[in-house]
A.B. asks: 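I'd like to ask you about the structure that follows.
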Amino acid sequence: MLYKNYIGGEWVDAKGGGTFQSVNPATGAVLGDVALSGPEDVNAAAEAAASAFDAWRKTPAPKRGEILFRAGEILVRRKEELARLMTQEMGKVLKETRGDVQEAIDMTYYMAGEGRRLFGQTTPSELPNKFAMSLRDPIGVVAAITPWNFPLAIPTWKIMPALIAGNTVVFKPASDTPILAWQLASILEEAGLPPGALNVVFGPGGQAGQALVESLKVALVSFTGSTAVGRELGATASARGKRVSLEMGGKNAILVMADADLELAVEGIIWSAFGTTGQRCTAASRVIAQRGIAEELTQMIVARAEKLRLGDGLRADTDMGPLINEAARRKVHAYVQVGQQEGARLRAGGETAETGELRRGFFYKPTVFAEVRPEARLAQEEIFGPVVAVIPVDNLQEAIAVNNATGYGLSSSLYTRDVNQAFQAIRDITTGLVYINAGTIGAEVHLPFGGTRGTGNGHREAGQSALDIFSEWKTVFVDYSGRLQRAQIDVEEQKSQP
Ligand code: NDP
């Protein structure tokens, strides 16, 4: 099947006629051909979004919400089918792809409900017979640029709040997961979204993505992906006066104190380090362990990591799927070599997995390094694969300092039974997400999500904070006194009157 662009409510070929393939990373099977778009396709999509904006922003928000509700219902009905398709397109195991679809459902319903809220404020004026309020206005055409690791969840985090706030959207999904993006667009079409409110263009970031960021029709760029790409694209968009919201890389850690329930901590570490094959922005790639238990903890992690079954995520007995592509596998292996050169001790994995059926996919063994120095590259740079580095420390203060000392700031977790330590950590950890006695992953759609330092640029997706990205505040004063009243100035005069 050929997956075409969706522009102005029509499914259309790329103007240049080119296509690329979507490939199953576990088996190498080709899943379909996809329109290979260039700047002319992007410009057509941005034009369609700009034309649709006025009617969409004037559609009552509860009506916009009804369309989102219907989309949510379709997602519910098709959850299993979409999860299976997602496992085939990007490799993560079925229980995780079901979670991805569920997150899309949750976000869609949550933002649908916002159609009947979108609260502003009313507040007293300092002057008599004057009314003051603030309300949310849409911004215009939103460019949504997304990665492949959450092919439905992340797009809904952008598209649903953007639409409910009255914006129109041009969506450029990752080239590794175009089919799930196509499905999302067709679901919104079926739900009754008017033509042009959402447009989808497939194609390489360097061409289609770049053209979208540069488009004069685009008012806001909402990007999730790597820090290198995000920073560059953010600079381009800012220079053109656009709003920019960036969700980027992570180097997340699980801190384990000597008093912790080690079994529980290991559960959290295995899930956070090797879930999605370590390809989550919130993946735990560092374990910062108090010295007294560091070796015992390492042995427990290694024992569990070595038991993980690799394979096609569609199989019920698979624990960990493949990496997304060969380039990702080469990058992971290069970091393993860096770790060894840096003197860290390789305790598990460290090589590709190529026995039997695994030969067809991009598999890499769950990898554990011990005795890693906090400043080592292995402990500082985002690997985005199934590699975890155990860093020994003396106490909680040192653990927090090590945790905070990377260029990223997304998620941290602390395992302890001591409530005082827990609250000190909550106070002193400087990442956007903090978990106590749970791993580094587990976002819920109604809470702010995002990070500090190189992870973001000050915005938070999800929760009410998502609406701040996708709307402008408009402050409104209605003076019903029938005379000129001057703020600040007439207030002083009133005070001086007897
Ligand atoms: P990339 O930065 O490579 O790509 C992200 C998106 O940007 C893709 O759609 C890509 O297109 C596009 N893109 C690439 N280059 C450009 C460009 N010059 N102009 C415009 N668009 C461009 O990231 P990955 O897809 O590899 O995703 C992994 C990264 O995403 C990790 O760093 C991870 O931490 C981060 N991430 C962050 C999250 C967060 O919330 N903080 C959540 C999930 C992931 P194409 O696919 O065609 O290359």
Side-chain angles (χ1 to χ4, degrees), residues 20-22 25 34-39 42 89-90 92 100 103 143-158 170-178 180-181 200-215 218 221-237 242 244-252 275-285 323-325 327-328 331-332 381-385 406-411 431-433 440-441 443 445 448-462 466 469:
F20 65 101
Q21 291 181 327
S22 177
V34 185
L36 181 72
S37 315
V42 169
E89 193 168 39
M90 63 72 65
K92 63 187 174 186
D100 193 312
E103 201 169 309
I145 302 177
T146 58
W148 44 265
N149 61 343
F150 283 85
L152 276 183
I154 290 177
T156 61
W157 281 25
K158 300 183 185 306
V170 180
F171 172 29
K172 205 304 281 176
S175 297
D176 283 306
T177 50
L180 264 298
V200 184
V201 278
F202 303 104
Q207 287 175 41
Q210 182 81 23
L212 188 55
V213 170
E214 290 174 2
S215 166
V218 168
V221 178
S222 171
F223 168 85
T224 299
S226 62
T227 300
V229 170
R231 285 205 165 140
E232 202 179 312
L233 148 171
T236 304
K242 301 177 197 301
V244 187
S245 153
L246 304 172
E247 294 288 342
M248 302 178 287
K251 190 68 190 176
N252 315 291
T276 319
T277 319
Q279 303 168 109
R280 285 183 181 234
C281 49
T282 51
S285 57
L323 288 159
I324 188 67
N325 53 37
K331 178 180 168 194
V332 168
E381 297 175 19
E382 185 180 52
I383 301 171
F384 226 55
T406 77
Y408 299 101
L410 186 53
S411 185
T431 55
L433 306 167
T440 48
I441 59 189
V445 301
F449 180 94
T452 60
R453 296 186 281 277
T455 297
N457 66 336
H459 294 283
R460 292 291 182 270
E461 291 197 317
I469 297 175

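Atoms within a ligand are numbered from 1 in the order they appear, just like the ligands themselves.
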A.B. asks: CG of L323 to OG1 of T277: how many Å apart, nearest 0.5 Å?
C.D. replies: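 L323 CG to T277 OG1: 6.0 Å, rounded to 0.5 Å.
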A.B. asks: Considering heavy atoms of the protein only, find what lies nearest to atom 12 (C) of ligand 1 and give residue, atom and distance to 0.1 Å.
C.D. replies: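 Protein heavy atom at minimum distance: I145 CG2, 3.7 Å.
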A.B. asks: Pairs of nitrogen or oxygen atoms closer than 3.5 Å, one from G205 and one from ligand 1: do any exist?
C.D. replies: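 For ligand 1, there is an N or O atom that lies under 3.5 Å from one belonging to G205.
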A.B. asks: Of the side chain and backbone of F223, name the one, both, or neither that has a heavy atom under 4.0 Å from an atom of ligand 1.
C.D. replies: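 Looking at F223 and ligand 1, just side chain atoms fall under 4.0 Å.
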A.B. asks: Considering the heavy atoms of S175, write down every atom of ligand 1 situated less than 4.0 Å from one of them.
C.D. replies: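 Answer, ordered by atom number: 45 (P), 46 (O), 47 (O).
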A.B. asks: Taking only heavy atoms of P173 into account, list the atoms of ligand 1 that are under 4.0 Å away from them.
C.D. replies: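 Under 4.0 Å from P173, ligand 1 has these atoms: 9 (O).
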A.B. asks: CD1/I154 to CD/E103 distance, rounded to the nearest 0.5 angstrom?
C.D. replies: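 I154 atom CD1 to E103 atom CD measures 8.0 Å (nearest 0.5 Å).
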A.B. asks: In terms of residue, atom name and distance, what is the protein heavy atom nearest to atom 35 (C) of ligand 1?
C.D. replies: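 Checking every protein heavy atom, the shortest distance to atom 35 (C) of ligand 1 gives G225 O, 3.1 Å.
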A.B. asks: Starting from atom 27 (O) of ligand 1, which protein heavy atom do you reach first, and at what distance in Å?
C.D. replies: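 Heavy-atom neighbour on the protein nearest atom 27 (O) of ligand 1: P147 CB, 3.3 Å.
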A.B. asks: For I324, is the nearest heavy atom under 4.0 Å from an atom of ligand 1?
C.D. replies: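 No, I324 has no heavy atom closer than 4.0 Å to ligand 1.
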A.B. asks: Give me the nearest non-hydrogen protein atom to atom 8 (C) of ligand 1 as residue plus atom name, then the distance to 0.1 Å.
C.D. replies: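 Looking at atom 8 (C) of ligand 1, the protein heavy atom closest to it is T146 O, 3.3 Å.
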A.B. asks: Go through the side-chain N and O atoms of E89 and S22 and say whether any donor and acceptor fall under 3.5 Å apart.
C.D. replies: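 The answer is yes; a qualifying pair exists.
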A.B. asks: Considering only protein heavy atoms, which is closest to atom 15 (N) of ligand 1, and at what distance to one decimal place?
C.D. replies: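 It is V229 CG1, 3.5 Å.
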A.B. asks: Number the atoms of ligand 1 from 1 as they appear, then name those within less than 4.0 Å of a heavy atom of P204, with their elements.
C.D. replies: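 Every atom of ligand 1 under 4.0 Å from some heavy atom of P204: 47 (O).
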A.B. asks: Given the ring of F223, does K158 sit roughly above its face, with NZ or CZ under 6.0 Å from the centre of the six-membered ring and within 45° of the axis?
C.D. replies: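 No.
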A.B. asks: Using a 4.0 Å heavy-atom cut-off, say whether E382 meets ligand 1 through its side chain, its backbone, both or neither.
C.D. replies: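 Just the side chain.
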A.B. asks: With a 3.5 Å distance limit and no angle check, can you tell me whether K92 reaches the backbone of G275 through a side-chain donor-acceptor pair?
C.D. replies: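 Absent.
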A.B. asks: Going by heavy atoms in the side chains, are N252 and T431 under 4.5 Å from each other?
C.D. replies: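 No, side chains not in contact.
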A.B. asks: Does the side chain of M248 reach to within under 4.5 Å of the side chain of T224, using non-hydrogen atoms?
C.D. replies: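 No. Closest side-chain heavy atoms not under 4.5 Å.
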A.B. asks: What residue and heavy atom of the protein are closest to atom 18 (N) of ligand 1, and at what distance?
C.D. replies: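 Looking at atom 18 (N) of ligand 1, the protein heavy atom closest to it is Q210 OE1, 3.3 Å.
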A.B. asks: Of all residues at least two apart in sequence or in a different chain, which pass the ring pair (Phe, Tyr, Trp, His ring centres under 6.0 Å) check with F449?
C.D. replies: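 Per chain and number, F449 pairs via ring pair (Phe, Tyr, Trp, His ring centres under 6.0 Å) with W157.
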A.B. asks: Using a 4.5 Å cut-off on heavy atoms from C-beta on, say whether the side chain of M90 contacts that of I324.
C.D. replies: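 Yes; the side chains approach each other to less than 4.5 Å.
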A.B. asks: Check each atom of ligand 1 against the heavy atoms of I154 and keep those under 4.0 Å away; list them by number with element.
C.D. replies: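 Answer, ordered by atom number: 42 (C), 43 (C).
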A.B. asks: Is there a polar contact between ligand 1 and S226, counting only N or O atoms under 3.5 Å apart?
C.D. replies: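 Yes, there is a polar N/O contact under 3.5 Å.
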A.B. asks: Within the structure, does at least one protein heavy atom fall under 4.0 Å of atom 47 (O) of ligand 1?
C.D. replies: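 Within 4.0 Å of atom 47 (O) of ligand 1, protein heavy atoms are found.
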A.B. asks: Classify the contact between T282 and ligand 1 as side chain, backbone, both or neither, using a heavy-atom distance cut-off of under 4.0 Å.
C.D. replies: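 Under 4.0 Å from ligand 1, T282 contributes no heavy atoms.
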A.B. asks: Name the closest protein heavy atom to atom 24 (P) of ligand 1, giving the residue it belongs to and the distance to 0.1 Å.
C.D. replies: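 Ranked first by proximity to atom 24 (P) of ligand 1 is W148 NE1, 3.5 Å.
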A.B. asks: Can you tell which part of T224 has a heavy atom less than 4.0 Å from ligand 1: side chain, backbone, both or neither?
C.D. replies: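 Both backbone and side chain.
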A.B. asks: Report yes or no: does N457 contribute a side-chain atom to a donor-acceptor pair with the main-chain N or O of V244 at less than 3.5 Å?
C.D. replies: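 At least one qualifying donor-acceptor pair exists.
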A.B. asks: Provide the number and element of each atom of ligand 1 under 4.0 Å from a heavy atom of F449.
C.D. replies: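 So the answer, numbered in order with elements, is 40 (O).
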A.B. asks: Heavy-atom distance to atom 20 (C) of ligand 1: which of G209, P178, A174 wins?
C.D. replies: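 Nearest heavy atom to atom 20 (C) of ligand 1 lies in G209.
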A.B. asks: Report, in ascending order of atom number, the atoms of ligand 1 lying under 4.0 Å from any heavy atom of L233.
C.D. replies: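 Going through ligand 1 atom by atom, the ones under 4.0 Å from L233 are 19 (N), 20 (C), 21 (N).
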A.B. asks: Side chain of R453, backbone of Y408: donor and acceptor closer than 3.5 Å?
C.D. replies: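 Indeed, once roles are kept as given, a pair shorter than 3.5 Å links the two residues.
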A.B. asks: Can you measure from OG (S222) to CZ (F171) and round to the nearest 0.5 angstrom?
C.D. replies: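 These two atoms lie 10.5 Å from each other.
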A.B. asks: Regarding ligand 1, does D176 bring an N or O atom to under 3.5 Å of one of the ligand's N or O atoms?
C.D. replies: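 Such a contact does not occur with ligand 1.
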A.B. asks: Report yes if some heavy atom in the side chain of I469 is under 4.5 Å from a heavy atom in the side chain of S245; otherwise report no.
C.D. replies: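 I469 vs S245: side chains touch.
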A.B. asks: Quick one: does K172 get an N or O within less than 3.5 Å of an N or O on ligand 1?
C.D. replies: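 Among all N and O atoms of K172, at least one is under 3.5 Å from an N or O of ligand 1.
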A.B. asks: Mind checking the CG-OG1 spacing from L433 to T440? Nearest 0.5 Å is all I need.
C.D. replies: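 Going from CG on L433 over to OG1 on T440, the span is 9.0 Å.
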A.B. asks: Give the residue, atom name and distance (to 0.1 Å) of the protein heavy atom nearest atom 42 (C) of ligand 1.
C.D. replies: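 Answer for atom 42 (C) of ligand 1: C281 SG, 2.7 Å.
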A.B. asks: Which is it for W148 and L180 under the side-chain contact (heavy atoms from CB on, under 4.5 Å) test, yes or no, and what are the steps along the way?
C.D. replies: CA-CA 10 Å; W148 44 265; L180 264 298; over 6 Å; no
A.B. asks: So if I count the atoms of ligand 1 from 1 in the order they appear, which ones are less than 4.0 Å from some heavy atom of G203?
C.D. replies: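 It comes down to these atoms of ligand 1: 47 (O).
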A.B. asks: State the OG1-NZ distance between T227 and K251, to the nearest 0.5 angstrom.
C.D. replies: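 If I round to the nearest 0.5 Å, the distance is 12.0 Å.
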A.B. asks: Can you check whether M248 has an N/O within less than 3.5 Å of an N/O in ligand 1?
C.D. replies: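 Yes, M248 has an N/O under 3.5 Å of an N/O on ligand 1.
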A.B. asks: N149 heavy atoms, cut-off 4.0 Å: which ligand 1 atoms fall inside?
C.D. replies: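 Heavy-atom distances to N149 below 4.0 Å select 43 (C), 44 (C).
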